[in-house]
Amino acid sequence: MYAIKRRLKLNNKERTLMAKHAGFARYTYNFGLNLYNSIDHTTVKSSVSKKLTTIKKILTNITKRQSENAWMNELSSKVYQSSFQHLGTAISKWLAGEAKRPVYKSRKDGQSFTVYDGNGVVTLDCGKKIKIPTLGTFRLWESLDARYVTQTFTLSCRAGEWYVSFAVNAERIPPLFHQVQKTIGIDLGVKMFATLSDGTEYSAPKPFKKAKTKLAKKQWRNRKKQSGNRKKDVKTSNNAKKFYQSVAKQHAHIANVRYDFLQKTTTEISRKYSHIRIEDLNVSGMIANHKLASAVSDLGFYEFRRQLTYKSPIYSTKVEIIDRWYPSSKMCHNCHHIQPMPLNERWFKCENCVHVNCRDWNAALNLADAPNDKVRLA
Ligand SMILES: [Zn+2]
């Protein structure tokens, strides 16, 4: 089992629909928890699931029928079925001593809900649309590349963007034919995001730098804002609130651009190449260099590797990691001569055989040809 996650392309009406369902899921969870807590458990001796079934009946037969709750009938009942399931799991875990006592959910916990189709599995078609049972058909930013079979859909909102994720069985996906069977090395860099040993290049999306400058400017302009302080009884000013909201939005924008880029790139690479080699990321070395560390975390090298690895069973690719001490960027691919390579040097000019190559491409070629004792499976 693994999960597939896609960002939804929603219009305002659809966004409202999602928010309403998230609210409904939260309402029913809290409704169930409230009634569960009000039960005198010393006298009522039945299982958690039986108690919750009774509570669910109260919701469907009484609460939902009250005129002030008419809004509930416009929303999917599959959503509150899942809410009750989640609540049941939370209570059981608490009773078994595996988790803390369940608490009421608030808007601040983030918006999410689950649609579980009890009628059986749902087949999803390839393409840029997804049909979610009882909710409708929605557009996707990145299309589904195969037909999937699933039963549970989780919708969640992260920084203003809605995502759908669903679990599928890896065994059910037909094996893919890879266009390139040869071993391919991938060099990750700050200038060019990824350089492949066959010459393909992926440059990182531009918005990062621009967005970062914008953010810094905004922070400076709002440096005198009045932030709240509960101990000193100071309230957050409206301008400060506006500022925090817009900062969150900007961060979300950066995160979304990066997320889309990494998803698209790793899917494309996993589909095209059957055998991929990437360098081990030298964490300590990179963090020592602060400028580089910021660039690395910005670009998402770790996320890139993680996505390639988790996509490997889906696309049946082989992903290998090359030892971090293997001198991929310092070695001439032509004659294996090793020479120092300062970070700002874009060209590898071999001092031994006069071979000249682009720095990243030279490294990618070396990764592809790395000796077996320097290679391990991701
Ligand atoms: Zn050489």
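Heavy atoms only: backbone and side chains are in, while hydrogens, waters and symmetry mates are out. As the structure lists them, so they are numbered: ligands from 1, and atoms in each ligand from 1.
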Inset, instruction - Could you grab the distance from atom NZ of K128 to atom CZ of R6, nearest 0.5 Å is fine? - result: 10.5 Å

Legend entry - Axial cation check for Y326 ring with K374, 6.0 Å and 45° limits: no

Legend entry - Which residues share a salt bridge (charged side-chain N to carboxylate O under 4.0 Å, His left out) with D125, sequence neighbours left out: R147

For residues 328-341, run the donor-acceptor check on the side chains, cut-off 3.5 Å, and write out each pair with its distance to 0.1 Å, sequence neighbours left out.
{"unit_1": "H333", "atom_1": "NE2", "unit_2": "D369", "atom_2": "OD2", "d": "2.7"}
{"unit_1": "Q339", "atom_1": "OE1", "unit_2": "E351", "atom_2": "N", "d": "2.9"}
{"unit_1": "Q339", "atom_1": "NE2", "unit_2": "K349", "atom_2": "O", "d": "2.9"}

Legend entry - Check: W71 ring centre within less than 6.0 Å of Y27 ring centre: yes

Legend entry - If only protein N, O or S atoms under 2.8 Å count, total around the Zn ion (ligand 1): 4

Inset, instruction - Not counting sequence neighbours, which residues clear side-chain hydrogen bond (donor to acceptor under 3.5 Å, both in side chains) with K78? List them please. - result: none

